[in-house]
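Heads up, the thing below is written out as structure tokens.
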Amino acid sequence: MGTTKGLYVSSDSGRTWEKRIIPNLGEIEIRYISFNEQPNLLYLATKKGVFKINLNKLTAEEIYQDLPTLDVRMLALDKEKKIWAVTNK
């Protein structure tokens, strides 16, 4: 689950939640999570751009170069592995 205080995960269908600390991500507002075919890889839409998250390594990679704005509202991944971003511009 994405929140204004970072990334949380539940392994028991939502009964309990555990915060995932991603060192270079911090407590950023997460607007949307898009899942990849690889189970430990996901993409986040945030007010500070798009981030590729590796849950095994607990790393966040900034991948928003060439976007017209960092204010990303939503993401989608298609079958060709293209990432689609919806922004405020």
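Counting from 1, the numbers follow the sequence of the chain as shown.
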Give, for atom [atom1] of [X] and atom [atom2] of [Y], the distance between the pair rounded to the nearest 0.5 Å.
{"X": "I33", "Y": "M74", "atom1": "CD1", "atom2": "CE", "result": "12.5 Å"}
{"X": "K52", "Y": "N54", "atom1": "NZ", "atom2": "CG", "result": "8.0 Å"}
{"X": "I30", "Y": "I53", "atom1": "CD1", "atom2": "CD1", "result": "7.0 Å"}
{"X": "I83", "Y": "Y43", "atom1": "CD1", "atom2": "OH", "result": "4.5 Å"}
{"X": "K82", "Y": "L77", "atom1": "NZ", "atom2": "CG", "result": "12.0 Å"}

| query | Partners of N24 by side-chain hydrogen bond (donor to acceptor under 3.5 Å, both in side chains), sequence neighbours excluded? | reply | none

What residues form a side-chain contact (heavy atoms from CB on, under 4.5 Å) with [X], not counting sequence neighbours?
{"X": "N40", "answer": "L55, N56"}
{"X": "E37", "answer": "K81"}
{"X": "S10", "answer": "D12, W17"}

| query | Does L25 belong to the same Ile/Leu/Val/Met/Phe/Trp/Tyr cluster as I21, with side-chain heavy atoms less than 4.5 Å apart forming each link? | reply | no

| said: With a 4.5 Å cut-off on side-chain heavy-atom distances among I, L, V, M, F, W and Y, is there a chain of contacts connecting L41 to W84? | reply: no

| request: Compare every heavy atom of N88 with every heavy atom of R73, then report the nearest pair and how far apart it is. | output: NH2-CB, 3.1 Å

Could you tabulate the donor-acceptor pairs under 3.5 Å formed by side-chain atoms of residues 44-51, not counting sequence neighbours?
unit_1 : atom_1 : unit_2 : atom_2 : d
T46    : OG1    : K48    : N      : 2.9
T46    : OG1    : G49    : N      : 3.1
T46    : OG1    : G49    : O      : 2.8

Distance-only donor-acceptor hits, side chain of residues 58-68, under 3.5 Å, sequence neighbours excluded:
unit_1 : atom_1 : unit_2 : atom_2 : d
E62    : OE1    : Y64    : OH     : 3.2

